[in-house]
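Everything numeric here is computed off the predicted structure, so don't read it as measured data.
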Amino acid sequence: MTARRWQLAHGRHLDLGDKAVVVGILNVTPDSFSDGGLFDAAETALVQAHRMLGEGALVVDVGGESTRPGASAITAGEEQARILPVIEALAGSGEVLISVDTYRAETARLAVAAGAHIVNDVWGLQREPDIARVAAETGAGLIIMHTGRDRRKLPDVIADQFAFLEKSLEIAHRYGIADDHIVLDAGFGFAKETAEDNLDLMARFSELNALGFPLMAGTSRKRFIGTVTGRDAAERGAGTAATSVILRLKGADLFRVHDVAINVDALAVADAMLARETAASER
């Protein structure tokens, strides 16, 4: 794995490469697809955040609007009312790295001001491009996710990744975001409609390394895992861990998951194997 330093807001950074980084999902929402309503109060959200950190997550990704297909839209004010108290409390509690899951520029600005270090945009800067200005001005780490929603996709799964993400990167560079602040996310499940679409993306994931950026994998509890395993959403932790190992071996650096402990353990085994392969190649 290529060693890289990911630069974040508030003078922080995260070293990527030798060890997989687990990002714990904290949905402060009533309607997310597998955990809606479980952590939509600040008190329960903070308990969950600290549980995930105790299990080995290095980043907590806080989101206030469900991105599942068919989810009801909310206003920026509603989103901010959900997430900002949680981010402020987490920021005041220690050294935790905090990501904000939003596509709204103003929400991102307020979240970084409240203590967030990373902006995670599931629309890849293409819904509100001014979010790139916020990232540039605050020095936030930026996760740019691929999506196939609301547009015509190319038939080849990797060609579509490159076409979309290269447009997103052009926006990022136009606003002056340095490459060492950027991570790319392939967007599993976001208008990859069938299990085969997602499995094809997973099988060819290593081709995305040609973009030259660290990669995040977000397969957690996704529908295609349920199709393969027959499990309901809350029971897909083991299936998710299997995808995490596969994607680690194909070059992913960060893993956004609901079930932290099982993924931390699975990725530790993958990292140990990669380290042995590297040692053997250097003999």
Side-chain angles (χ1 to χ4, degrees), residues 21-25 27 29 32-34 59 61 63 65-71 99-104 108 118-129 131-132 135 141-172 182-228 233 236 239-240 243-244 246-248 250-258 263:
V21 171
V22 171
V23 178
I25 297 170
N27 288 321
T29 62
S32 290
F33 77 96
S34 72
V59 181
D61 186 51
E65 181 172 9
S66 175
T67 56
R68 66 176 174 81
S99 171
V100 57
D101 181 356
T102 186
Y103 61 85
R104 293 184 176 95
I118 300 159
V119 173
N120 178 16
D121 183 1
V122 299
W123 287 91
L125 313 182
Q126 295 187 38
R127 185 157 173 178
E128 286 196 18
I131 199 170
L142 178 64
I143 300 169
I144 296 173
M145 198 195 79
H146 173 280
T147 184
R149 293 180 180 175
D150 297 344
R151 65 179 181 85
R152 185 183 297 274
K153 296 185 293 182
L154 297 176
D156 182 84
V157 65
I158 297 299
D160 193 69
Q161 290 275 328
F162 273 74
F164 182 90
L165 291 172
E166 286 172 351
K167 181 177 179 181
S168 295
L169 288 167
E170 189 278 327
I171 295 169
I182 296 172
V183 163
L184 302 180
D185 182 340
F188 284 92
F190 281 76
K192 290 79 171 173
E193 303 296 350
T194 67
E196 290 75 18
D197 289 340
N198 289 279
L199 292 168
D200 288 347
L201 177 57
M202 189 160 62
R204 297 179 61 190
F205 189 85
S206 60
E207 296 177 46
L208 299 179
N209 291 305
L211 288 163
F213 290 87
L215 300 172
M216 186 163 83
T219 59
S220 189
R221 300 184 181 177
K222 292 292 173 73
R223 183 173 57 188
F224 80 95
I225 296 174
T227 299
V228 172
R236 295 173 190 164
T240 298
T243 66
S244 294
I246 292 166
L247 292 165
R248 179 61 174 160
K250 290 179 177 288
D253 297 283
L254 301 103
F255 300 83
R256 184 178 179 274
V257 302
H258 300 83
N263 282 276

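The CD1 atom of Ile131 lies 10.0 Å from the CZ atom of Arg104; values are rounded to the nearest 0.5 Å. For the atom pair OG1 (Thr227) and NZ (Lys222), the distance works out to 13.0 Å, reported to the nearest 0.5 Å. Between atom CG of residue Asp61 and atom CD1 of residue Ile143 there is a gap of 6.0 Å, rounded to the nearest 0.5 Å. Of the inter-residue distances, the one linking Ser168 atom OG with Leu184 atom CG reads 8.5 Å to the nearest 0.5 angstrom. Note that CD of Glu128 is 11.5 Å distant from CH2 of Trp123, once rounded to the nearest 0.5 Å. Leu154 contributes atom CG, which lies 12.5 Å from atom CZ of Phe162 (distance to the nearest 0.5 angstrom).
Counting heavy atoms from C-beta on, the side chains of Val183 and Leu254 come closer than 4.5 Å. Residues Leu215 and Phe205 have side chains in contact (heavy-atom distance under 4.5 Å, counting atoms from C-beta outward). Side-chain atoms of Val257 and Val22, non-hydrogen and from C-beta on, do get closer than 4.5 Å to each other. Leu199 has its side chain within reach of Val228: a pair of non-hydrogen atoms, C-beta onward, lies under 4.5 Å apart. Inter-residue side-chain proximity for Ile118 and Leu142 is flagged as unmet; no heavy-atom pair is nearer than 4.5 Å. The side-chain heavy atoms of Phe255 and Thr219, taken from C-beta on, include no pair separated by under 4.5 Å. In this structure, the side chains of Phe190 and His146 stay at 4.5 Å or more apart for every pair of heavy atoms. Leu211 has its side chain within reach of Glu166: a pair of non-hydrogen atoms, C-beta onward, lies under 4.5 Å apart.
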**OP:** Give the intermediate values and the outcome of side chain to side chain contact (heavy atoms under 4.5 Å, CB included) for residues Phe213 and Ile144.
**Re:** CA-CA 11 Å; Phe213 290 87; Ile144 296 173; over 6 Å; no
**OP:** Decide yes or no on side chain to side chain contact (heavy atoms under 4.5 Å, CB included) for Thr243 and Ile225, but give the supporting numbers first.
**Re:** CA-CA 9 Å; Thr243 66; Ile225 296 174; 4.0 Å; yes
Original post:
Do Met202 and Leu247 pass the side chain to side chain contact (heavy atoms under 4.5 Å, CB included) test, and can you show the C-alpha distance, the side-chain angles, and the key distance before you say yes or no?
Top reply: CA-CA 7 Å; Met202 189 160 62; Leu247 292 165; 3.6 Å; yes
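Leu208 and Ala186 get closest at one heavy-atom pair: CD1-CB, 3.8 Å. Across Gly218 and Asp185, no two heavy atoms sit closer than the pair N-OD1, 4.2 Å. Looking at every heavy atom in both residues, Gly148 comes nearest to Ala191 through C-CB, 3.3 Å. The two residues Ser244 and Asn263 come nearest to each other via the heavy atoms OG-OD1, 2.8 Å. Scanning both residues, Pro214 and Asp253, for their nearest heavy atoms gives CA-OD2, 3.3 Å.
Remark: side-chain polar atoms of Lys192 are not paired, donor with acceptor, to backbone N or O of Leu201 under 3.5 angstrom. Put simply, the side chain of Lys153 never gets that close to the backbone of Arg149: no donor and acceptor are under 3.5 Å apart. A donor-acceptor contact shorter than 3.5 Å is absent between the side chain of Arg236 and the backbone of Thr240. Counting only distance, with no hydrogens or angles, the side chain of Gln126 and the backbone of Phe164 share a donor-acceptor pair below 3.5 Å. Between the side chain of Arg151 and the main chain of Thr147, a donor-acceptor pair closer than 3.5 Å is present. For Glu65 (side chain) and Thr102 (main-chain N/O), no donor-acceptor pair under 3.5 Å exists by modelled atom type. Side-chain atoms of Asp160 never come within 3.5 Å of backbone atoms of Asp156 as a donor-acceptor pair (strictly under, hydrogens ignored). Formation of a donor-acceptor pair under 3.5 Å by the Asn209 side chain with backbone atoms of Lys250 is found in this model.
A donor and an acceptor atom, one from each side chain of Ser99 and Asn120, are nowhere located under 3.5 Å apart.
A parallel orientation is assigned to the rings of Phe188 and Phe224, their planes being inclined by less than 30° (bins at 30° and 60°).
Ion pairing between a basic and an acidic side chain is recognised when a charged N comes within 4.0 Å of a carboxylate O; Asp101 and Arg256 show such pairing. Using a cut-off of 4.0 Å between Lys/Arg side-chain N and Asp/Glu carboxylate O, Glu207 and Arg204 are scored as salt-bridged.
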